[in-house]
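Structure, as structure tokens:
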Amino acid sequence: MKKILLIEDDRDLNAGLTCDLELEGYGVRSAFTLREGMVFFEEGEVDLILLDGNLPDGDGFDFCRAVKAEQDIPVIFLTARDMERDEMMGFDCGADDYITKPFKMPILHRRIEAALRKGRRTKERGLYNDGYLNIDFDKMTAQKAGEPLSMTPTEYRILRLLIANADRVLTKGVLLEKIWDQGGNFVDEHAVAVNINRLRKKLEDSEHSYIKTLYGMGYQWKGGK
């Protein structure tokens, strides 16, 4: 049974969501504050988090960022904050999906299923092989068209993050936080563009295009299309 941590301070909505999700076969741990949610999270055995953006004791975005720094667990925002900048902030802090209120339960069910599938693939994905590009992330070895391919540790980390999130656009902010900020070093956005360009030169040719740039947004893995 997959276990969902629900953090929502609206008690009626919290109760309704808990009942519905339990009928769908999920185990639900219900919290009304970030403090309660963090206690449940640190106790472990949580497969996905449903998170409000505004809570009595803090900001859901900061909570998401803190959780993602510890564990790459799927996080879906359920929030009334429907401005584009809020949605971008949600993805920047590492959210896997962002749903604005009001929402339809069948859609939420599908979004949860998709996030759980992606989370499972992320845990299992130590290899990538499309017949042309072959990467073993655990051993940090790679081949292109059967020939050894030299990459830096940073390039391996970028590729692994892009491939694990192939259905998402990763902003420069997310890449900076996930790849460089872990060491506590300040690196500007130029480092992202430089490394992406180097990866393109190493991986791509006239027949193979792997990394898509969405101008003003970020990057997305295309998978050799």
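On a predicted model such as this, the values are computed, not experimentally measured, just so you know. Side chains are part of it too, since the values below use all heavy atoms of this structure and drop only hydrogens, waters and symmetry mates.
The ring-ring contact (aromatic ring centres under 6.0 Å, His included) check on Tyr219 picks up nothing, with sequence neighbours excluded.
Between the Glu24 side chain and the Tyr26 main chain, no donor and acceptor come within less than 3.5 Å of each other. Judged purely by atom type and a 3.5 angstrom limit, Glu147 has no side-chain atom pairing as donor or acceptor with the backbone of Lys144. In this structure, the side chain of Lys3 does not engage the main chain of Arg29 through any donor-acceptor pair within 3.5 Å. A donor-acceptor pair is defined here as one N or O able to donate and one able to accept, closer than 3.5 Å; such a pair exists between the side chain of Asp130 and the backbone of Leu133.
The shortest side-chain heavy-atom distance between Leu127 and Asn134 does not fall under the 4.5 Å cut-off. The closest side-chain heavy-atom distance from Arg81 to Thr100 is not below 4.5 Å. A heavy-atom distance below 4.5 Å is found between the side chains of Asp96 and Lys68. Between Asn129 and Ile135 there is no side-chain heavy-atom pair separated by less than 4.5 Å. Between Thr33 and Glu36, the closest side-chain pair of non-hydrogen atoms falls below 4.5 Å. The shortest distance between side-chain heavy atoms of Leu78 and Leu17 falls below 4.5 Å.
Going from atom CG of Asn195 over to atom CG of Leu175 covers 9.5 Å, rounded to the nearest 0.5 Å. Distance check, rounded to the nearest 0.5 Å: CD of Glu8 to CG of Leu51 gives 9.5 Å. Atoms NZ and CG, on Lys104 and Leu108 in that order, are 13.5 Å from each other to the nearest 0.5 Å. A distance of 8.0 Å separates CD in Glu113 from CG in Leu116, rounded to the nearest 0.5 Å. Of the inter-residue distances, the one linking Phe63 atom CZ with Asp59 atom CG reads 11.5 Å to the nearest 0.5 angstrom. Note that CZ of Arg198 is 9.5 Å distant from OG1 of Thr154, once rounded to the nearest 0.5 Å.
For Arg35 against Asp57, the heavy-atom pair with the smallest separation is N-OD2, 2.9 Å. When all heavy atoms of Ala115 and Ile76 are compared, the pair lying nearest together is CB-CD1, 4.0 Å. Shown here for Ile112 and Leu48, the closest heavy-atom pair between the two residues is O-CD1, 4.0 Å. Across all non-hydrogen atoms, the minimal contact from Trp221 to Leu162 is CB-O, 3.5 Å. Between Met151 and Ala142 the shortest heavy-atom distance is CE-CB, 3.8 Å. In terms of heavy atoms, Ile158 sits closest to Ile179 at N-CD1, 3.9 Å.
Side chain to side chain, Thr213 and Arg200 meet the donor-acceptor criterion of an N or O pair below 3.5 Å. For the 3.5 Å distance criterion, the side chains of Asp82 and Tyr98 fail to qualify, holding no donor opposite an acceptor.
Side-chain heavy atoms closer than 4.5 Å link hydrophobic residues (I, L, V, M, F, W, Y) into clusters, and following such links, possibly through other members, connects Ile211 to Leu176. No continuous path of ILVMFWY side-chain contacts below 4.5 Å connects Val174 to Met88, so the two sit in separate hydrophobic clusters. Under the 4.5 Å side-chain contact rule for hydrophobic residues, Ile7 and Phe32 do not share a cluster. Transitive grouping of hydrophobic side chains (ILVMFWY, heavy atoms separated by less than 4.5 Å) keeps Ile4 and Val39 in distinct clusters.
A salt bridge links Arg160 with Asp138; the closest basic N to acidic carboxylate O contact falls under 4.0 Å. Ion pairing between a basic and an acidic side chain is recognised when a charged N comes within 4.0 Å of a carboxylate O; Lys101 and Asp52 show such pairing.
The local environment of CD in Glu84 is sparse, with at most 12 non-hydrogen atoms from other residues, nucleotides or ligands closer than 6.0 Å. Around atom CD of Glu45, no more than 12 heavy atoms belonging to other residues, nucleotides or ligands sit under 6.0 Å away.
Legend: side chain to side chain donor-acceptor pair (under 3.5 Å) pairs involving residues 11-21, not counting sequence neighbours, sorted by first then second residue: Asn14-Thr18, Asn14-Ser30, Asp20-His109.
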Please evaluate residues Met105 and Phe103 with respect to the criterion side chain to side chain contact (heavy atoms under 4.5 Å, CB included), reporting the C-alpha separation (whole Å), side-chain torsions for both, the decisive distance (0.1 Å), and the verdict. CA-CA 6 Å; Met105 288 306 302; Phe103 53 86; 3.8 Å; yes
Could you please spell out the steps behind the side chain to side chain contact (heavy atoms under 4.5 Å, CB included) verdict for Ile99 and Leu50? CA-CA 10 Å; Ile99 302 174; Leu50 294 177; over 6 Å; no
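With Tyr210 as reference, Glu204 is the one residue of Gln220, Lys222, Lys202, Glu204 to meet the side chain to side chain contact (heavy atoms under 4.5 Å, CB included) rule.
If you look at Phe61 and Phe77, their ring centroids are closer than 6.0 Å.
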